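Remarks on the structure that follows.
Convention: sequence-line order gives letters A, B, ...; per-chain numbering from 1. Computed from a predicted model, the values in this text were never measured in an experiment.
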Amino acid sequence: MSGSAVRVRFAPSPTGSLHIGSARTALFNWLYARKTGGTMVLRIEDTDAERSTAESYEAIIEALQWLGLDWDEGPIKGGAYGPYVQSARSVLYHNEVERLLASGQAYHCFCTPDELEEVRKEALAAGKPIKYDGRCRLLPAEEVAARVSKKIPHVVRFRVPPGSTRFRDIVRGELEFANEELDDFVIRKSDDRPTYNFAVVVDDVKMKISHVIRGDDHLPNTPKQVLMYRAMGYALPKFAHLSMILGSDRTRLSKRHGATSIQEYRRLGYTPDGLVNYLAMLGWSADDKTEFFTRSALIEKFSLKRVTKNPAAFDVEKLDHINSMHFVRLPPLEKVSLVYDRLVSEHIVPPDFGVDEWSECRAVQEPADAGKLSDESFRAEAPRLGVIINVMGQRLRNVAEAATRLAYFYKDDYPRNRDAYVKHLSGPEVPDRLDAVAEALATIETFKRTEIESAVRALAGRLGVSAGDLIHPCRVALTGDEVSPDLFAVIHLLGRRKSVERLRKAA
RNA sequence: GUCCCCAUCGUCUAGCCUGGACUAGGACACCGCCCUUUCACGGCGGCAACAUGGGUUCGAAUCCCGUUGGGGACGCCA
């Protein structure tokens, strides 16, 4: 095995859903692995017995899968350096703690949480650094042995040496921390589990992680970890600390800024590619212009060297924009399927949507591979929906819009824009015109888009009005709004019966 | 409070390392015009930034220091 092989890891703790910020961290790790032909490891950090839940674990796995961020080693996949769940790695941590204890680089501490809290409060009140004072450092060996054998609850602390700790960060360059700012932190809790800082180091070593790419909220942990690598005699990985993602007001991204989990964005109708593209732009750029990236382009262009240092504010409008670029480029059948599911879940399309209720044009264009789909009602509607989506074109920017913008194709209680009614349907001349159009539609021979258009334009000529004088009121009468795709296509897709019915009703 | 990180249009960013080609480029949003039966898309144009003070230098967005502002970390959470 080559010592220079790239191995990165994403190490979430299963204490909630996959957050936007964590997803970005996962993405950058993934991109780096895919870019370099390295290995992506997924490790579950569940050393907090209290807060870790199976639901969170499931949610995170599912969100990663949905985003298309796959891993080469980890839960489900397995791998040579497992197990990949920290709660199953106790013996590894235990051995390393014993080694540190034996070499005197760690020691037992019997201070109770209450005592420590006391000390912390005092320090805060006195305006001093909040840190453990190292009072158990000097406990004689016999005393320690006695207390341990008496099963007095205790933790193990790392003995921080004097001096300072330097390391290099790929994003930030050379960094130095004074060790006196660090206190003798806990590496093994009284329940015998390792703490995060310790488990991370042991796992990253044992899993041969070459690059630690994580959020910069971990920066203050890094000197502690560096110290432990050295104390245990292991080589350092390379570090890359990513800036945080902030809310629109530049404070920590939280619920009050809107959706914060990947799951929520999924429900809102964003596509994985759109979300991934946007997330990649938060803290990274390929050059001064490009910002639309397919997944493979992202992999091809990605580089840790071009990661920015300053924190980025999450901007939903930009997300919408990037997402829409991906949405409009979706393969037709995929888009149809996505929109269809949305329409059903929003109750726009009833599950048993009528066989010949609306469509004289249902069979106009059979998507080539619609036959592959097994859902019968989908197969029945896919051709017409495909045409609808086609005429909607770029007007349909995401799945979420489908429910409101396509409703009038499927049911009669679609949204109505009051202003549009007032503007286009309130004139005294309107009823006659609508009736005339209805009559024309009822009598033309072939109900095709082009025929419909010439019939309406001819009618306008006979009435001595402009085509627009007929088109605008018809659009409102048929769709409930003054905004829609090409009116003649809409009429065609609505079908003769519905079109005539709505025009007469509005007249 | 202590320590750390960061600082270019409202927002995401390019440029910074390796000072000069920067009257600071692109994108989102916003505004105007064009296209068009409406809207969207598209095209064209506009608005809009080097936080601040001091150095270094012939020359600073770019290098150094201070200030200010923002963020993070200070747990037997991760």
Side-chain angles (χ1 to χ4, degrees), chain A residues 11-15 45-48 50-52 109 111-113 116-117 120 123-132 153-157 169 172-173 175-178 180-183 185-193 195-197 199-200 215-223 241 243-244 246 248 250-252 278 281-292 305-306 308-322 324 328 392-397 405 420 424 453 456-457 460 466-472 474-476 479 481-488:
Chain A
S13 64
T15 53
E45 311 214 320
D46 60 345
T47 53
D48 184 347
E50 302 278 296
R51 298 195 302 150
S52 298
C109 167
C111 297
T112 64
L116 296 171
E117 190 50 40
R120 242 173 250 136
L124 198 59
K128 290 191 186 137
I130 303 164
K131 45 180 273 197
Y132 176 66
H154 62 274
V155 299
V156 174
R157 287 181 184 271
D169 184 275
R172 278 153 229 278
L175 261 16
E176 180 170 8
F177 291 78
E180 63 175 355
E181 298 297 335
L182 277 27
D183 54 2
F185 51 91
V186 174
I187 59 176
R188 185 165 74 197
K189 310 177 202 174
S190 55
D191 66 0
D192 230 39
R193 288 167 183 265
T195 57
Y196 161 77
N197 270 124
V200 161
D216 92 2
D217 46 336
H218 287 287
L219 208 46
N221 284 324
T222 311
H241 286 93
S243 301
M244 317 228 66
L246 308 175
S248 46
R250 304 205 67 83
T251 62
R252 199 189 189 102
Y278 176 67
M281 300 317 289
L282 250 30
W284 174 83
S285 67
D287 53 44
D288 58 341
K289 312 216 141 76
T290 324
E291 57 181 15
F292 173 82
K305 296 209 175 68
R306 289 193 61 85
T308 32
K309 290 190 277 215
N310 42 331
F314 190 86
D315 179 12
V316 191
E317 285 182 336
K318 187 111 184 191
L319 199 214
D320 285 342
H321 176 252
I322 290 187
S324 72
V328 300
M392 286 298 291
Q394 310 244 346
R395 264 167 281 251
L396 195 61
R397 291 162 55 90
R405 311 200 64 163
H424 297 286
E453 175 162 10
V456 173
R457 288 192 187 279
S466 74
D469 290 336
L470 297 181
I471 289 169
H472 295 296
C474 281
R475 167 171 286 122
V476 179
T479 71
D481 203 349
E482 55 188 336
V483 173
S484 89
D486 171 59
L487 205 242
F488 308 110

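- Here the separation of B:G55 from B:G19, taken at their C1' atoms, is 15 Å to the nearest Å.
- In this view, A:Arg188 and A:Glu98, A:Asp192 satisfy the salt bridge (Lys or Arg N to Asp or Glu O under 4.0 Å) rule, not counting sequence neighbours.
- Comparing the P positions of B:C5 and B:C64 gives a spacing of 13 Å, expressed to the nearest Å.
- Scored by the salt bridge (Lys or Arg N to Asp or Glu O under 4.0 Å) test, A:Glu317 finds no partners at all (sequence neighbours excluded).
- Between B:C50 and B:C16, the distance separating the two C1' atoms is 11 Å to the nearest Å.
- Considering only residues two or more places apart in sequence or on other chains, A:Glu482 meets the salt bridge (Lys or Arg N to Asp or Glu O under 4.0 Å) condition with A:Lys423.
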Each nucleotide in nucleotides 41-48 of chain B should get exactly one letter: B, S or -. Can you fill that in based on protein heavy atoms under 4.0 Å? S-------

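- Every side-chain contact (heavy atoms from CB on, under 4.5 Å) that A:Pro223 has, sequence neighbours left out, goes to A:Thr165, A:Phe167, A:Phe177, A:Leu182.
- Rounded to a whole angstrom, the distance from the P atom of B:U23 to that of B:A7 is 23 Å.
- Nucleotide B:C76 has no partner under the Watson-Crick or G-U criteria, as no pair reaches both atom distances under 3.5 Å.
- Residues meeting the side-chain hydrogen bond (donor to acceptor under 3.5 Å, both in side chains) test with A:Thr290, sequence neighbours left out: A:Asp287.
- Residue contacts shown for A:Phe185 are absent, as no nucleic acid heavy atom lies under 4.0 Å away.
- Between B:U56 and B:G45, the distance separating the two C1' atoms is 42 Å to the nearest Å.
- Rounded to whole Å, atom P of B:U36 lies 17 Å from atom CG of A:Leu487.
- A:Thr47 and A:Arg193 are not linked by any side-chain donor-acceptor pair at a separation below 3.5 angstrom, with hydrogens and angles left out of the test.
- Under the rule for a salt bridge (Lys or Arg N to Asp or Glu O under 4.0 Å), A:Lys131 has no partner lying at least two apart in sequence or in another chain.
- Look at the C1' atom in both B:A51 and B:C44: the space between them is 34 Å, to the nearest Å.
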B/S/- along nucleotides 73-78 of chain B (protein heavy atoms under 4.0 Å) is SSSBBB

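- Per the geometry, CD belonging to A:Glu482 stands 15 Å off C1' belonging to B:U36, to the nearest Å.
- Using a cut-off of 4.0 Å between Lys/Arg side-chain N and Asp/Glu carboxylate O, A:Arg172 and A:Asp216 are scored as salt-bridged.
- Annotation: B:C3 and B:C63 have their C1' atoms spaced 26 Å apart (nearest Å).
- Qualifying side-chain contact (heavy atoms from CB on, under 4.5 Å) partners for A:Thr112, counting only residues two or more places apart in sequence or in other chains: A:Asp114, A:Glu115.
- Listed by chain and residue number, A:Tyr196, A:Arg214, A:Asn221, A:His241 satisfy the side-chain contact (heavy atoms from CB on, under 4.5 Å) test with A:His218 (two or more places apart in sequence, or in another chain).
- Using atom P as the reference point in both B:C33 and B:U11, the two lie 28 Å apart (nearest Å).
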What string of B, S and - do you get for nucleotides 12-25 of chain B, 5' to 3', if B is base contact, S is sugar-phosphate-only contact and - is no contact with any protein heavy atom under 4.0 Å? BSSS---------B

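- Applying the side-chain contact (heavy atoms from CB on, under 4.5 Å) criterion to A:Glu176, with sequence neighbours excluded, gives A:Ser164, A:Arg166.
- Screening A:Phe314, A:Trp284, A:Phe292 against A:Tyr278 for a ring pair (Phe, Tyr, Trp, His ring centres under 6.0 Å) leaves a single residue, A:Phe314.
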